[in-house]
Amino acid sequence: MAPTGEHHLLSTEIVNRGIESSGPDAGSITFSVRVRRRLPDFVQSVNLKYVKLGYHYLINHAIYLATVPVLVLVFSAEIGNLSREELWRKLWDSTAGYDLATVLAFFAVFVFTLSVYFMSRPRSIYLIDFACFKPTDDLKVTKEEFIELARRSGKFDEDSLEFQKKMLQSSGIGDETYVPKAIMSPENISTMKEGRAEASMVIFGALDELFKKTRIRPKDVGVLVVNCSIFNPTPSLSAMIINHYKMRGNILSFNLGGMGCSAGIIAVDLARDMLQANPNNVAVVVSTEMVGYNWYPGRDRSMLIPNCYIRMGCSAVLLSNRGRDYRRAKYRLEHIVRTHKGADDRYFRSVYQEEDEQRFKGLRISKDLVEIGGDALKTNITTLGPLVLPLSEQILFFATLVKRYLSGSKGIATTTNGLQTVAPSSSSGTKPYIPDYKLAFEHFCVHAASKTVVNELQRNLGLSDANVEPSRATLHRFGNTSSSSIWYELAYLEAKGLVKRGDRIWQLSFGSGFKCNSAVWKSVRRIKKPTSNNPWLDCLERYPFEARS
């Protein structure tokens with residue numbers, strides 16, 4: 001039974017289970033009602049229309065609007081009555097009383113203070129450029145071809161094939177995603193050889209493009225961070241890259257495994273820490289997932305879900321802490337906020353790798369994943385809010401909290417059938433004011449996990465169709481490419497020519513653990529439309545499209 005007041009979070013679906021083969025209902029068509037929990041409605045759109053923009057500007061600039069005119073009036077009144085000769089004589093008389101030792105001491109303290117300030121400031125981290133791997137057309141499959149290849153592989157029964165077909169139809173994935181050819185072969189493909197072959201193709205493809213775009217030599221890279229959740233061979237993937245490109249011996253290399261779809265931002269965070277500790281350096285971050293090595297050939301439906309969504313992809317990002325790279329950089333890293341809910345067993349097992357009854361290995365997806373993801377997202381954006389939201393939004397949010405507290409609209413905790421509920425108060429019933437994150441960011445790159453997740457995030461964050469267009473387009477064109485999906489979305493924004501100087505981009509990802517991570521970038525220059533080396537150039541005219549329903 002759902003807690004009181006939470007029935008609006010539940011959605012129902014009537015499922016045709018086919019003709020009953022045995023029992024008292026043999027020969028008749030049976031149906032079942034599936035009840036699912038939607039993302040918690042923790043964010044509500046608040047429409048203050050045009051008054052909100054004026055209020056936002058007034059609050060953010062109140063101190064300047066109040067003090068600058070006063071200072072100007074006082075200064076004008078004081079100086080306006082003096083002639084030029086009187087002004088110079090007044091300045092000389094006020095400074096002539098200081099001896100040389102006092103002036104030098106003051107100057108030394110001033111220089112020392114400035115030096116400490118600039119030396120203690122964190123180094124700016126710049127994103128020079130990035131690359132997204134685009135597989136060749138011979139690896140492209142439509143949804144129909146995907147099911148047909150799965151049938152011919154002989155690994156799935158009809159029920160499993162039908163389930164995957166229904167999942168694909170409602171997934172938001174289009175007919176141009178990529179899978180390795182070995183996936184549908186009758187042989188066992190979960191081998192180190194197949195995994196290394198796929199890793200070499202996607203990783204070297206992305207890195208070759210990155211080095212070409214940035215004109216950086218592999219030997220100039222001082223920090224290398226690679227994240228791949230499932231496939232973690234020995235030697236590591238980072239070692240494979242170092243061997244292939246013959247990188248220098250003192251490179252700081254890291255290999256992150258088992259961290260799911262949110263590992264791309266974790267890898268950037270690690271690279272940032274390394275660059276803060278190692279001045280005058282550049283770092284490369286590689287984010288990918290091996291589709292073939294993660295393939296599940298069994299019949300457990302909760303473990304078949306990743307088969308329907310995860311597709312080939314890889315991103316390579318070049319970061320720098322060198323001041324001279326500012327002129328050619330695209331973005332500056334502003335904030336990274338990480339949330340981990342792994343202390344709770346329910347969150348920890350929401351995405352869990354294990355064997356099924358037939359001893360086939362795969363990822364089991366919890367039926368509560370959407371709810372779990374919503375709670376992790378709520379925690380993450382609550383932490384991120386004070387760092388990015390304008391002062392006007394924070395004041396409104398705090399004022400509403402105070403009003404709710406004073407009016408007692410929080411309610412009284414009660415127990416119903418063993419469940420903790422919150423009884424609505426009979427007082428003012430003030431609704432919580434949810435900050436408008438569209439005032440903090442110009443662009444949103446939300447992890448393209450599935451159409452359901454993107455739609456629910458759009459509803460709860462109060463985003464427009466244009467805000468989630470990069471996520472929806474990436475899911476349709478490339479599928480869920482795991483930790484690299486947020487970079488395909490940023491590549492989409494660049495291909496459309498939407499990123500202007502000063503724009504702020506919010507990258508939001510979530511994955512096993514359970515983790516939810518945010519990265520905030522600020523464009524340091526206007527990003528011109530690319531003419532090459534962008535995965536969207538051959539299909540850009542087809543997007544955006546209507547794919548919400």
Undergrad: State plainly whether the residues D356 and R299 are in salt-bridge range, i.e. N to O under 4.0 Å.
TA: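 No, no charged N to carboxylate O under 4.0 Å.
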Undergrad: According to ring-ring contact (aromatic ring centres under 6.0 Å, His included), does anything in residues 255-286 pair up with another residue at least two apart or in another chain? List the pairs.
TA: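 Qualifying pairs: none.
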Undergrad: With a sphere of 6.0 Å drawn around CD of Q358, does it hold more than 12 non-hydrogen atoms of other residues, nucleotides or ligands?
TA: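 Yes, CD of Q358 has more than 12 neighbouring heavy atoms, counting only those of other groups under 6.0 Å.
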Undergrad: Considering only heavy atoms from C-beta outward, does the side chain of V286 approach that of C314 to under 4.5 Å?
TA: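 Yes, at least one pair of side-chain atoms sits under 4.5 Å.
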Undergrad: Is the number of heavy atoms from other residues, nucleotides or ligands within 6.0 Å of NZ (K140) greater than 12?
TA: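 Check passes, neighbour count above 12.
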Undergrad: Going by salt bridge (charged side-chain N to carboxylate O under 4.0 Å, His left out), name the residues that satisfy it together with D273, two or more places apart in sequence or in a different chain.
TA: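 D273 satisfies salt bridge (charged side-chain N to carboxylate O under 4.0 Å, His left out) with no residue once adjacent residues are dropped.
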Undergrad: Taking the side chain as every heavy atom from C-beta outward, state whether C261 and S509 have any pair of such atoms under 4.5 Å apart.
TA: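 No - every pair of side-chain heavy atoms lies 4.5 Å or more apart.
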Undergrad: Tell me, which pairs form a salt bridge (charged side-chain N to carboxylate O under 4.0 Å, His left out) where one or both residues lie in residues 487-510, sequence neighbours left out?
TA: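 Those involving residues 487-510 are K330-E494, E442-R504.
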Undergrad: Test the R311-Y488 pair against the cation-pi criterion, namely NZ or CZ under 6.0 angstrom from the six-membered ring centroid and within 45° of the ring axis.
TA: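 Judged by the rule (NZ or CZ under 6.0 Å from the ring centre, within 45° of its axis), R311 is not positioned above Y488.
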Undergrad: What residue pairs, at least two apart or across chains, pass salt bridge (charged side-chain N to carboxylate O under 4.0 Å, His left out) with a residue in residues 218-231?
TA: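 Residue pairs with at least one partner in residues 218-231: R217-D220.
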Undergrad: Could you check whether any side-chain heavy atom of S464 comes within less than 4.5 Å of a side-chain heavy atom of N467, counting everything from C-beta outward?
TA: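 Heavy-atom side-chain distance check passes, below 4.5 Å.
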Undergrad: Keeping to residues at least two apart or across chains, list the ring-ring contact (aromatic ring centres under 6.0 Å, His included) pairs with something in residues 452-472.
TA: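 Pairs touching residues 452-472 that pass the test: none.
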Undergrad: Taking salt bridge (charged side-chain N to carboxylate O under 4.0 Å, His left out) as the test, write out the residues that go with D138, two or more places apart.
TA: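 Applying salt bridge (charged side-chain N to carboxylate O under 4.0 Å, His left out) to D138 gives K181.
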Undergrad: Decide yes or no for V223 and R272: does some side-chain heavy atom of the first lie under 4.5 Å from some side-chain heavy atom of the second?
TA: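 No, every pair of side-chain atoms sits at 4.5 Å or beyond.
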Undergrad: With sequence neighbours left out, what residues match E334 under salt bridge (charged side-chain N to carboxylate O under 4.0 Å, His left out)?
TA: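 For E334 the salt bridge (charged side-chain N to carboxylate O under 4.0 Å, His left out) partners, ignoring immediate neighbours, are R332.
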Undergrad: In plain terms, say whether K438 and D436 are close enough for a salt bridge, that is, a side-chain N and a carboxylate O under 4.0 Å apart.
TA: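 A salt bridge is present here (some side-chain N lies under 4.0 Å from a carboxylate O).
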Undergrad: Applying ring-ring contact (aromatic ring centres under 6.0 Å, His included), which residue pairs with at least one partner in residues 193-215 are found, sequence neighbours left out?
TA: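 Of all non-adjacent pairs touching residues 193-215, those that pass ring-ring contact (aromatic ring centres under 6.0 Å, His included) are F204-H244, F204-Y245, F211-Y245.
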Undergrad: Please name all residues satisfying salt bridge (charged side-chain N to carboxylate O under 4.0 Å, His left out) with R196, sequence neighbours left out, ordered by chain then number.
TA: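 Testing R196 for salt bridge (charged side-chain N to carboxylate O under 4.0 Å, His left out), a comparison that skips the adjacent residues, returns none.
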Undergrad: Does a side-chain heavy-atom distance below 4.5 Å link V468 with L457?
TA: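 The answer is no; the side chains never approach within 4.5 Å.
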Undergrad: Please list all pairs passing the ring-ring contact (aromatic ring centres under 6.0 Å, His included) test where one or both residues lie in residues 338-377, with sequence neighbours left out.
TA: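 For residues 338-377: F348-Y352.
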Undergrad: What heavy-atom pair brings V291 and I310 nearest, and what distance separates the two atoms?
TA: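 In this case the closest contact between V291 and I310 is CG1-O, 3.9 Å.
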Undergrad: Look at the rings of F130 and W487 and say which category their plane angle falls in: under 30° parallel, 30 to 60° tilted, over 60° perpendicular.
TA: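 Judged by the thresholds at 30° and 60°, the geometry between F130 and W487 is tilted.
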Undergrad: Which pairs, with at least one residue in residues 513-538 and sequence neighbours excluded, count as a salt bridge (charged side-chain N to carboxylate O under 4.0 Å, His left out)?
TA: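 Applying salt bridge (charged side-chain N to carboxylate O under 4.0 Å, His left out) to every pair that reaches into residues 513-538, excluding sequence neighbours, yields K134-D538.
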Undergrad: Would you call E469 and R472 a salt bridge, using N to O less than 4.0 angstrom?
TA: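 Result for this pair is no, no salt bridge flagged.
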Undergrad: Do the ring planes of F444 and F441 sit parallel (below 30°), tilted (30 to 60°) or perpendicular (above 60°)?
TA: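 Perpendicular.
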Undergrad: Counting C-beta onward and ignoring hydrogens, is there a side-chain heavy-atom pair between T288 and F133 closer than 4.5 Å?
TA: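 When only atoms from C-beta onward are counted, F133 and T288 do not touch, as no gap falls below 4.5 Å.
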Undergrad: Quick one: does I230's side chain get under 4.5 Å of W295's, heavy atoms only?
TA: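 The answer is no, as the side chains (C-beta and beyond) never meet within the 4.5 Å cut-off.
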Undergrad: Mind listing the closest non-hydrogen atom pair of H447 and S485 along with its distance?
TA: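 Answer, listing the atom of H447 first, then S485: ND1-OG, 2.7 Å.
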Undergrad: Which pairs, with at least one residue in residues 312-323 and sequence neighbours excluded, count as a salt bridge (charged side-chain N to carboxylate O under 4.0 Å, His left out)?
TA: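 Only R322-D325 qualify under salt bridge (charged side-chain N to carboxylate O under 4.0 Å, His left out).
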Undergrad: Against V284, only a single residue in L319, L224, I216 fulfils side chain to side chain contact (heavy atoms under 4.5 Å, CB included); can you say which?
TA: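 Only match with V284 under side chain to side chain contact (heavy atoms under 4.5 Å, CB included): L224.
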Undergrad: Taking the side chain as C-beta and beyond, is there a heavy-atom pair between V499 and Y331 under 4.5 Å?
TA: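 Yes; the side chains approach each other to less than 4.5 Å.
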